[in-house]
Structures are given as structure tokens and as C-alpha cells.
Amino acid sequence: MTTATGPRATPQVSGLLDARAATYREHIERLGPLPRLRTEQLLGEVADAGLTGRGGAHFPTARKLAAVAGTRHALVVGNAAEGEPASCKDRVLLGSAPHLVLDGLALARDVVGTRRTALAGPPDVLDGPLARALAERRERVRLVGIPEGFVTGQETSVVSAALGRPAKPATLTGPLVAGGLGGQPALVLNVETLAHLALIVRYGPNWWRCRGVPQDPGTRLVSLSGSVRWPGVFEFGGGSTLGDLIATAGGTTEAVQALLVGGYHGGWVPWTSETADCPFTTQGLQSHGAAPGAGVVIALPAAHCGLEAAAGVVAYLAGESAGQCGPCRNGLPALADHLEALAYGHSTPQTVRELYRLSNLVEGRGACRHPDGTARFLRSTLRTFADEVQHHLAGHCSARAEAPTTRRTPWLLN
């Protein structure tokens, strides 16, 4: 890792997607070397920047780093295992700016004072630009292949894989950073978080904060898909609205009824002129029961039934569990069956009551957070598409001319 002790480099990039570099030499020429900061100074600057995790939980990064600073024996893992089907931001980032991610990983390693570092993700993501970048830098970072799956990207799954175990969620006996997984302290940071860390240390917290607004500093990557003109990964400054996101993706290609925000464990936001002004922040989305999550927005067209789309998602989530607890083995399949019955015209008011009962029953009782996220998504569906629920109970569907009795290919999984 090239470091510098003099003045900070003049910013030559505006954000992560502007930091593309084909080689390590080009990377250093464009961004400048990493300053050599004392651990206390680095932690202070990250705290001043207000950086939070970009993997979905949004936990303050400075607090995570401080918990393992100087411990020397914690395992440091960069997480690129995007289990979310609608997210591809980490894949894009590692393909275009792998050196920026490796800079952040090196900084986290130095804070801990360890040589034990790993990058975990799907094998095809770890190959290519990332593997070439590691070869150029001659740094010892272990690449840990993670099978594709919704729960394989959870922190405990990633650490388990890095320790040579199956990539499945594991029960913690305490905080992960304190050795709650088998006595091995571990620091897991999303690869986007690591890339932001490298920019903050280079250019300072004030520069990074100014990319956003005071209550939502910096930038974030967002995967946009569905009925938008240009599906893809975009970078937005903090404070951007849902309308800003859709406009940057070229606008909608047809009438849109709702946005799924935060991915398959996220929530629905009705698409109206009012919600277009809703900030894409935790606070801004709270009233809709949604959150940015890992930065996912899917535009659902008005021509497709929201209940059918949701039934496809819940069926997918039920099949993606690790099967390690009752809520996953029994509760999620039951939720999927009842929502499918509602979506395809084989339901009664008791079906809806049973969906609420089951969603409350599985929440907080699983071996990991998968049942919780599925239950939240289910309740968001019933709330957002309440009128459609009544149509289906009466044997109609606003998105179909015929009765909703024929199962169609789930739109969100096409």
C-alpha cells in the first residue's frame, strides 16, 4: 500500500464511480497515495465524516472500527456477497475500482493491527479485475468464494465461510467484533463502505460530507431496476429524493404504481407526486415503513399486480432460508402459501388474518434476521396494496381482465 505523510491530495474524483482505474499506477496517479494517519486520527475523521455501513444495516463505521482497534487478532473481512437479487452495486464497484476497495481493506487491517484479511463474494466477482489488482499490489488478501444465496451475505455467514465453514447464518454468543462467533473476533465491512473509507482518508471528512447534506452526508450507490429507462447502478449524494433516483435512471417507461425500496427485505412506497419528493434516507422513508437498505429501488408497473409480485418474492425468500430454525422451515413456507392463495384468487378474509398472525409469529424468533425481513416485507405488501387485497377477496384483480386464478411468472424475478 502506497502511503503519504504530507498534505492531502487534491480531489480528482467526485465519488466512487468516478474512481475507475485500470492499473494500480493509474489509481495512484488519479487519486494520490493514502495518507499515513494515526489510528486515533483515522477514527476521528471517519466519525466526523458520518460514514455508516453500506451493506444494509447503516451502523456507524467509526464505532465498528473502534471496537477492534489495536486488538491485533481480529479477522478483517470485506463483504461483497450480495445476496439481494436486485442489487449489483458491489459487483460493479469491484469491477471498476478494485484498488479503492483494497485501499479501504488495508486501512481497516492497519486499524486492527492484523495481517488476517479476506474478501468474500461470489467466485466470478472475485476473479477478474479484483484478482489482477491483488496481483499488482502483491498484498496478502485471502479470497473467499461465497455461493449465491440470499442469506449467504449475512455477516455471520461470511465470517463462517472465511473460517472454512459453510456460508450459513450462525448464532452469536456476543457481538461479532468481540468474538461472538466461536471466540473469533471479526470485523466485517461492506466493500462500498471500504471504498468510501479510502476516499475519506485521502480527502478528509469535510470533502466527503459535502457530497451530501448534513443529515445524510456523503454518497451511496443505488441499484435501480424495474420499469425505468436505464436500469443500472448510480451514485447519489445524500438527501437525494426518490424522484431524483428515477429521473437519473431516465424516468419510467410506463405507468408505475409503487417502488420497492431496500430490496426483498425492504418495503413498498406508493409512487405519487408526493412520494417523489421523499428523501432516500432512513428518516425520510420511515413513515412508509421502508429504509434504503443496501441501496435497491425497483419500479413496479401499474400493469402488474402488486400481490402477485409480492407472492413471487415471498416464495423466493421461503426457498432461500438456511432451514436452521422453525420460523424458516415452517413459518416462511406457510407465509408464501397464504400469500399465493391471496394473489391467485383462492382466499377468504381468514387468509389475510392468518398472514398477519404468521408474520408476527416468525418475527424475532429466527436463528437470523431472515424471518424478520420477510415478515416486514409481507406487512408492507398488505398495507400498500390494501385496496388490491379487497379486489382479490372479491374475485377480481385491477391488473387483469380475467379473474386472478392463473399463476404467472413472478415479475420481480424475471
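Along the sequence shown, the residues carry numbers beginning at 1. Below, each value reflects all heavy atoms present in this structure, side chains not excepted, and no hydrogens, waters or symmetry copies.
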Sort out for me which residue in [options] forms a side chain to side chain contact (heavy atoms under 4.5 Å, CB included) with [X].
| X | options | result |
| --- | --- | --- |
| L224 | V297, V296, V233 | V297 |
| K64 | L187, L51, L176 | L187 |
| L335 | L358, N330, L317 | L358 |

Spatial distance of atom CZ (R54) from atom CG (L194) [nearest 0.5 Å]: 12.0 Å
Should the ring pair Y316 and F150 be called parallel, tilted or perpendicular, given that the plane angle runs from 0 to 90° and is split at 30 and 60?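 Perpendicular.
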Strictly by salt bridge (charged side-chain N to carboxylate O under 4.0 Å, His left out), give each pair with a member in residues 70-82 just once, sequence neighbours left out.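 Found none.
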Here the salt bridge (charged side-chain N to carboxylate O under 4.0 Å, His left out) pairs for residues 372-391, sequence neighbours left out, are E363-R379
Regarding S160 and S157, is there a side-chain donor-to-acceptor distance under 3.5 Å anywhere? no
What pairs with T281 under side chain to side chain donor-acceptor pair (under 3.5 Å), at least two apart in sequence or on another chain?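 In terms of side chain to side chain donor-acceptor pair (under 3.5 Å), with neighbours along the sequence ignored, T281 is linked to no residue.
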Lys/Arg-Asp/Glu bridge criterion (N-O < 4.0 Å) met for D216, R209: no
Thinking salt bridges, do R30 and E26 make one under a 4.0 Å N-O criterion? no
Is there a donor-acceptor pair closer than 3.5 Å between any side-chain N or O of E84 and the backbone N or O of A86? yes
Any side-chain to backbone donor/acceptor pair from H196 onto T219? Under 3.5 Å, distance only.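 Flag set: sc H196 to bb T219 pair under 3.5 Å.
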Could you give the side-chain donor-acceptor pairs of residues 283-291 under 3.5 Å, partners two or more places apart or in another chain?
none

Can you confirm whether or not the ring centre of [X] sits under 6.0 Å from the ring centre of [Y]?
| X | Y | value |
| --- | --- | --- |
| H99 | Y24 | yes |
| Y344 | H392 | no |
| F385 | W268 | yes |

Donor-acceptor pairs under 3.5 angstrom involving side-chain atoms of residues 122-134: please list them, not counting sequence neighbours.
from: D124; atom 1: OD2; to: R91; atom 2: NH1; distance (Å): 2.6

Taking only distance into account, with no hydrogens and no angle test, what donor-acceptor pairs under 3.5 Å do side-chain atoms of residues 178-185 form with protein atoms, sequence neighbours excluded?
from: Q184; atom 1: OE1; to: R116; atom 2: NH1; distance (Å): 2.9
from: Q184; atom 1: NE2; to: H73; atom 2: O; distance (Å): 3.2

